[in-house]
Amino acid sequence: MSTSRALRASVRGGLAGALRVRVRALREWLRSSLTARVVASICVIGILLVGLVGTIVLHQVNRQLFDRAVSTHLDQYSSASSRAKAQIETANAPAAGQLQQIANELVSSQNNPDGAIVGAALVRSPKQPEATSFEIAEPATESSSRIRTRITADMKKAVADDDAVHWQSIEVQTSAGNKVPGIIVGSRLNLPGAGYYQFYVAYSLESEEYTTGIVTSILTVGASVFLLFVAVSAALIVRLVLRPVHEASRNASILAQGGFDARMEVKGRDELAQLARSFNQMASSLSDQFTQLERMSKVQQEFVSAVSHELRSPVTTIRMAGQLIYDRRTDLPSVLRRSAELQHDQLINLDVMLSDLLEISRYDAGAMTLASTKADLREIADAVVNAQKPLAESNGVEVIVESRGDTHAKVEPRRIERIVRNLVVNALEHAEGKPVRVLVVGGESAVAVEVSDRGIGLSEEQAAHVFDRFWRADTARVRKSGGTGLGLTIAREDAMLHGGRLVCAGEIGVGSTFLLSVPREVGEQYTNPLTLRVAAAEEVWGGAVVVAGPTPEAADAGEAEEKKNIDGRAGEATEGENHE
């Protein structure tokens with residue numbers, strides 16, 4: 001028994017689930033199609049209007065048919081009753097037998113189903129004026145017993161009180177056994193010597209009900225055809241009206257993808273034609289502006305590239321001369337010695353800026369390519385942290401390096417090292433003497449490097465602009481490591497070149513987090529093993545500096561390599577120029 005109930009419950013649940021799915025699909029279809037919503041709205045309004053008008057029409061038709069039928073049957077009854085009274089008046093003081101015969105003929109004459117008369121009965125009235133001489137048998141048709149059961153007490157009382165004709169609605173049964181509406185009509189007759197009798201005749205309204213059914217069927221079919229015609233017409237009209245809108249949407253998508261030659265066909269002078277003309281004007285304006293911006297951008301790129309290339313040689317010469325002066329600074333007076341040191345630092349910054357400008361110009365020209373090879377991002381992070389130990393010690397910052405999982409990926413190590421170096425240097429500059437953590441996590445399809453600090457942090461507005469060129473959150477802040485304002489811009493371009501991403505999040509007074517994620521294979525789809533969040537607000541880290549460099553010699557070698565990379569930027573830029 002319980003199994004059967006469980007089965008029925010399962011079936012009901014399945015049907016309810018299928019119904020919910022259908023309703024959800026219908027709702028989504030209506031949301032996604034303007035044509036469907038318009039046609040559905042018109043159909044709903046049409047159904048309500050047709051239903052209201054049809055109800056009013058059917059009500060009036062039923063009322064008119066009923067009133068006419070009642071009036072006709074009352075006339076028939078009055079005629080039969082008048083004939084009976086005339087026969088009784090003709091027979092002066094009729095005997096009981098003669099009066100019985102008149103009563104029988106009166107009742108039997110009302111049994112005519114083809115004429116809508118379903119039966120009659122003569123019933124002795126409970127109220128009599130005085131003692132009568134005799135009583136006659138109550139004549140009846142075959143259906144009289146059924147008619148008597150339809151007469152209510154209120155009607156019997158009303159008929160017994162006066163000589164007026166009274167009627168009431170009843171339900172009669174046809175010979176086929178069907179129940180149809182009808183009326184029963186009655187009045188009082190005075191039979192000489194026998195007293196008062198109540199004469200009742202039942203009439204069927206089957207023909208009127210049949211007429212009402214035909215009218216209802218005709219109205220239903222007509223309303224259905226009308227609604228179908230309205231739905232089809234609405235669909236065609238809406239489709240005709242929305243066709244230019246669809247065309248405009250399609251051309252707008254083409255414009256968004258860079259196809260500025262997209263145009264709409266102009267037909268006529270109506271509002272839709274005005275829409276097409278306005279769209280074409282917008283497309284032409286966008287095309288002209290894009291062409292102008294593209295030309296200006298190209299001129300700007302060529303200018304930056306040309307200036308960077310042309311400045312490379314004189315800056316290299318100036319730097320070589322400045323390096324000689326810097327190397328001999330001990331031979332100079334104290335004032336000149338300080339000038340030589342400042343000149344040396346600024347020449348290094350100028351050289352780095354020219355290298356960054358050359359790099360940006362290559363990205364803008366789309367001339368960057370990857371020399372990818374399999375590398376361990378944890379080892380790259382360790383090398384960067386080792387190289388930045390002097391800056392960390394100078395700022396009093398503790399650096400922690402952690403890793404989880406397989407941290408190998410196919411990347412260009414030089415670019416990844418540049419990204420991590422930018423992130424680590426920025427973290428050291430803004431850590432406010434608090435710990436910095438570098439977390440390398442290997443996932444199924446990607447490797448992520450998270451650099452977090454507990455420093456001054458970033459607001460949402462600052463995080464939105466931190467990768468913009470030459471943008472700084474605090475222009476008044478003094479940096480110990482220089483900086484050109486292009487480091488994070490180049491870092492993001494390097495990440496995108498690998499098919500990865502570089503994003504950031506921060507909170508003022510809590511800290512900031514930069515998250516680099518690259519796929520294990522360049523350009524492949526991947527799932528980031530780490531979620532971007534402000535790590536300083538969720539985790540605690542600190543303690544001894546954890547780095548991978550096994551010996552101080554390795555760290556010194558890393559610092560020497562870093563210095564060599566900085567000093568060799570000029571040669572690298574020259575090679576890049578030749579390559580281009």
Side-chain angles (χ1 to χ4, degrees), residues 352 356 375-403 407 411-441 447-458 463 466-467 472-473 477 479-495 500-506 511-518 530 532 534-536 539 541-549 554-563 565-566:
V352 172
D356 289 345
D376 188 350
L377 271 67
R378 168 61 193 260
E379 293 181 357
I380 295 176
D382 290 336
V384 170
V385 172
N386 280 325
Q388 300 303 323
K389 268 187 177 182
L391 180 60
E393 293 173 355
S394 174
N395 290 347
V397 177
E398 177 187 27
V399 183
I400 303 167
V401 181
E402 299 176 357
S403 64
T407 57
V411 297
E412 184 173 342
R414 181 181 65 87
R415 296 185 186 277
I416 298 299
E417 181 182 356
R418 181 164 59 187
I419 297 174
V420 177
R421 183 171 61 248
N422 269 292
L423 301 183
V424 170
V425 169
N426 280 335
L428 293 175
E429 287 285 352
H430 298 87
E432 298 291 323
K434 298 176 182 177
V436 170
R437 185 185 70 172
V438 180
L439 176 61
V440 186
V441 177
V447 180
V449 179
E450 180 187 83
V451 180
S452 305
D453 65 72
R454 297 183 178 278
I456 60 177
L458 288 172
V466 74
F467 297 106
R472 288 184 181 179
R477 185 178 179 85
R479 294 175 57 97
K480 296 182 179 181
S481 59
T484 64
L486 294 172
L488 289 177
T489 305
I490 295 175
R492 184 180 61 176
E493 296 290 345
D494 283 337
R501 293 183 64 197
L502 177 60
V503 291
C504 71
S512 58
T513 296
F514 284 78
L515 178 61
L516 166 68
S517 54
V518 292
L530 284 177
L532 177 65
V534 183
E539 302 176 7
W541 65 82
V545 179
V546 182
V547 295
D556 294 339
E559 294 179 12
E561 182 66 22
E562 176 68 14
K563 186 174 185 302
N565 289 338
I566 294 176

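In this chain, residues are counted from 1 in sequence order.
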Heavy-atom side-chain contact between [X] and [Y] under 4.5 Å:
| X | Y | answer |
| --- | --- | --- |
| F514 | N426 | no |
| P413 | I380 | yes |
| V449 | L530 | no |
| V436 | V424 | no |
| R437 | P435 | no |
| Q388 | V425 | yes |

To the nearest 0.5 Å, what is the distance between [atom1] on [X] and [atom2] on [Y]?
| X | Y | atom1 | atom2 | value |
| --- | --- | --- | --- | --- |
| L488 | L423 | CG | CG | 6.5 Å |
| I416 | E379 | CD1 | CD | 14.0 Å |
| R454 | T513 | CZ | OG1 | 9.5 Å |
| L428 | K389 | CG | NZ | 13.0 Å |

Backbone N/O of V397 and side chain of N395: donor-acceptor pair under 3.5 Å: no
Set of residues satisfying side chain to side chain contact (heavy atoms under 4.5 Å, CB included) with respect to T407, sequence neighbours excluded: D376, R378, S403, V440, V447
Search all heavy atoms of [X] against all heavy atoms of [Y] and return the closest pair with its distance.
| X | Y | result |
| --- | --- | --- |
| V384 | R421 | CG1-CA, 3.6 Å |
| L532 | C504 | CD2-O, 3.6 Å |
| G455 | E432 | CA-CG, 4.1 Å |
| D453 | H430 | OD1-O, 4.2 Å |
| V534 | G511 | CG1-O, 3.8 Å |
| A381 | V438 | CB-CG1, 4.0 Å |

